[in-house]
Every structure is written in C-alpha cells, then in structure tokens.
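Here is the structure we will look at.
In listed order, ligands and their atoms are each counted from 1. Only this structure's heavy atoms are used, side chains among them; waters, hydrogens and symmetry mates stay out. Numbering of residues begins at 1 and proceeds along the displayed sequence.
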Amino acid sequence: MGRSWEDLLNIVTTTHLGKRFAEKQAVQDLNLHLKQGEIFGLLGHNGAGKTTTVRLLNGLLHPTEGEVRVFGMDPLKEGEAIRKRVGVLTETPALEERLTARENLQLFADLYDVPVQQVSAKIEQALRIVDLLDQADLKAGTFSKGMKQRLAIARAILHEPELLYLDEPTSGLDPVSSQHISDLVLTLTREKGTTVVLCTHDLKDAQKLCDRVAILEHGQVKLSGPPAELATGLGAGGALDLEVGPSQQDQALEICRTFASAARSGAGSLRLERIQRSQVPDLVQMLVHRGILVYGVTPHQATLEDVYFALHREGQ
Ligand SMILES: Nc1ncnc2c1ncn2[C@@H]1O[C@H](COP(=O)(O)OP(=O)(O)OP(=O)(O)O)[C@@H](O)[C@H]1O
C-alpha cells in the first residue's frame, strides 16, 4: 500500500486499529495521529488497553483490525527499520544486575547496532542525560529503584531514538526520583525533539508532561485532547477552598455537601472537590443566607484528575 502525505508527516498513525484476544477486545477502533516532538499520554484503568496499544505500535502484536504506520512504515513489514529509530521502556525493564551501568549499555549498543566508533560517546551521553555518570562503573544490582529506572531509560535512549515508548516510567518511585524522570522526559522532547508515548496512571505527571492525552476505557478512546481543554470541555469541575468562621465549619460543611459530595474540613478551611464554577455564587449565597461568615473563596481550575473521575462517574 502507498504512503500518504499524512502518514509521512505523522510519526505514528493508527486507523481503526483493533486487537482481540479470543473473547477479549483489548483495543478497539483506535485512531491516533502523533506529531513529531509531542508527548502523548495513554491513560486508563488497569486493563484499559495501554500496553496492548504500545505493543501494536511496536509491531510486537498483529492487529486484528485496522492498521498502524510508524514513520510512514508498517511495523509488521518494516519492523527492523522502525525499531532502529524507536526506544522502549517496558513496565518492568530487566537489567543485568551483575554488570555495571556502563556494561549494561554496552550490551544494548551491540543489539541496536550502534557503530563501534560511536559506542563510548553515546554511552557517556546517555549516562549524562540520566545523571548517572558518577555511578557508571557500579553494578546495576547495587542501584536504588529510581537509579535502575534511570539506567533503563538511558538504555532506551542510547541510540538516540526519534520515538520513545515509556510504560509507567515513574511507577513505584519516590517523589524526588519521579520528578527526576519527568524532567528527563521534558529535556528529551525539548532538546532532541523526541516524540514520546507515555503510558501512565499518574494523572499529575500526565497533566504536567503531556501535550495531548487519550483516556482509554475497555480498549476505546473515551476522551482525547490537551489536558487543559479536556477539563473545560467535560465541565469536570475543579476544587474550591472556603474560609469560614472557625466555630461554623461543621454547619458550613453540611451546606457544602449539598453542592459537592466530596467536601471536607481541614486546618481552618473547607475543601470542596469537583464543583462546577457556575455553582459557586449559589453556594456562597446560601452560606451567607444561613449566617455563615465567609472570609475567603478560592477556586482552582479542574485538573486531569477531575476529568478522569468525571468520566468514570459518567460511565457508571
Ligand atoms: N496476551 C494476551 N492474551 C490475552 N489477553 C490479553 C493479552 N494481553 C492483554 N490482554 C487483555 O487485554 C486487556 C488490555 O490489557 P493491557 O495490558 O493492554 O491493559 P493496560 O491498560 O496496559 O493495563 P495496566 O495498566 O494494568 O498495565 C486486558 O483485559 C488484558 O487481560
């Protein structure tokens, strides 16, 4: 089949892509168009179809419906040419624990056919990007989970791929290690123009990193677009902080719960989750009407997390 201009301009295109395992439709009617240099998030519950999608894009699975094009090529027919330009971080990357960080990368340089004369420079560069140069000659088995994850990323970017699949890169990491990985993903896209497909359950990460996301449910895209636009489009509602008279918190909380079921009192203020902006004047009016002293009202914009839960409630 010939390649269309659109295929050539997009890094990844899927057309009515589907995958069925016996009775299970893992992915259904997926139409993706990924542009160069964007970070695209695949979100969804366990079993929503994220990993299956990545495996289809990577040519590890045969679609049962539709087709995939990566760099305008078919991963099933031109897999080798594509894989040279793609890096993959799987959900549970296996490292050679008895080898040093540098030796782990050397092993992969052979697999990726990195030209011999470039190997040491590329290894130095990858280790520098993930901030492991000082630990290059320590055994991977002695690394913390965060360091192992950074080494696995160094391995995935060793051959300077144009497209990077990251499956749960921050799962199980402490906030500092997690932030380190997020910064790294941003650096790769900004400095190298790498296109990233990010599968994650971390909605805060997705909000911060992704140019666009697709929320999958039962293998189908329920919602897709830039995180900020999704929040507005779905009318998901954001959070609201209220400061009321200290002795009136319980009474105010009762009133708040008629507007937002997820309302709670904290240190000196009340927090309401997922309340529509249009409801705020009515709420304040009712509080004042009932004699509550309102000292402060601080609305917060809906986040991707709010969108995700709004979508989940809709589906129930
Ligand atoms: N090789 C397989 N054989 C049979 N069913 C499979 C296979 N791989 C995936 N599935 C099923 O397809 C569905 C989608 O699975 P997938 O691993 O893509 O989900 P996921 O969104 O990546 O989940 P998680 O967040 O838990 O990693 C699940 O119901 C899963 O059980």
Side-chain angles (χ1 to χ4, degrees), residues 12-34 39-70 75-76 79 82-83 86-95 145-146 148-149 152-153 155-156 163-173 177-178 181-182 185 195-210 212-225 227 230 303-316:
V12 174
T13 308
T14 70
T15 317
H16 305 299
L17 181 65
K19 178 69 188 175
R20 172 175 281 277
F21 296 107
E23 292 306 301
K24 179 82 201 173
Q25 188 74 41
V27 170
Q28 196 174 351
D29 198 25
L30 196 63
N31 297 289
L32 301 177
H33 305 274
L34 269 61
I39 306 180
F40 187 86
L42 279 177
L43 314 179
H45 297 337
N46 292 125
K50 305 178 294 295
T51 303
T52 304
T53 301
V54 169
R55 300 186 83 205
L56 286 164
L57 300 185
N58 215 10
L60 295 173
L61 287 174
H62 284 242
T64 37
E65 300 96 34
E67 57 185 35
V68 180
R69 290 290 177 272
V70 180
L76 294 176
I82 294 173
R83 275 190 281 278
V86 172
V88 184
L89 176 80
T90 57
E91 211 171 346
T92 46
L95 296 166
K145 194 166 178 184
K148 282 183 182 166
Q149 192 71 331
I153 293 182
R155 193 173 66 178
L163 172 63
L164 190 57
Y165 299 123
L166 299 175
D167 203 348
E168 293 290 342
T170 55
S171 149
L173 299 187
S177 308
S178 178
I181 304 264
S182 301
V185 175
T195 307
V196 176
V197 177
L198 175 70
C199 296
T200 185
H201 289 289
D202 189 326
L203 300 173
K204 288 200 175 77
D205 248 14
Q207 169 116 25
K208 208 165 45 184
L209 291 176
C210 296
R212 289 189 300 144
V213 298
I215 302 178
L216 294 180
E217 214 174 274
H218 305 299
Q220 277 184 296
V221 174
K222 281 285 160 198
L223 208 61
S224 69
L230 292 189
T303 62
L304 198 49
E305 206 162 58
D306 297 317
V307 171
Y308 195 87
F309 285 110
L311 200 62
H312 184 58
R313 281 196 306 277
E314 242 180 33
Q316 283 180 331

(message) Protein non-hydrogen atoms only, distance under 4.0 Å: does atom 16 (P) of ligand 1 have such a neighbour?
(response) yes
(request) Scan the protein's non-hydrogen atoms and note whether one is under 4.0 Å from atom 30 (C) of ligand 1. (result) no
(request) Check ligand 1 against Glu91 and write out every atom of the ligand that is under 4.0 Å from a heavy-atom position of the residue. (result) 27 (O)
(message) Give the atom numbers and elements of ligand 1 that come within less than 4.0 Å of a heavy atom of Ala48.
(response) 19 (O), 20 (P), 21 (O)
With a 4.0 Å cut-off on heavy atoms, does [X] reach ligand 1?
X      : value
His201 : yes
Gly49  : yes
Arg55  : no

Nearest-neighbour protein heavy atom for [atom], which is reported as residue plus atom name and distance:
atom                    : result
atom 6 (C) of ligand 1  : Phe21 CD1, 3.2 Å
atom 12 (O) of ligand 1 : Ala26 CB, 3.3 Å
atom 23 (O) of ligand 1 : Gly47 N, 2.7 Å
atom 26 (O) of ligand 1 : Asn46 ND2, 2.9 Å
atom 18 (O) of ligand 1 : Thr52 OG1, 2.5 Å
atom 25 (O) of ligand 1 : Lys50 NZ, 2.8 Å

Do [X] and [Y] have side-chain N/O donor and acceptor atoms under 3.5 Å apart?
X      : Y      : answer
Asp205 : Thr200 : no
Tyr308 : His45  : yes
Gln25  : Glu65  : yes

(message) Once you restrict to heavy atoms under 4.0 Å, what part of His45 touches ligand 1? Side chain, backbone, both or neither.
(response) backbone
Separation of [Y] [atom2] from [X] [atom1] (nearest 0.5 Å):
X      : Y      : atom1 : atom2 : value
Ile153 : Lys148 : CD1   : NZ    : 15.0 Å
Leu216 : Gln28  : CG    : CD    : 11.5 Å
Thr303 : Lys208 : OG1   : NZ    : 13.0 Å
Asn58  : Tyr165 : CG    : OH    : 5.0 Å
Asp202 : Glu305 : CG    : CD    : 8.5 Å

(request) Answer yes if the ring centres of His33 and Phe40 are under 6.0 angstrom apart, and no otherwise. (result) no
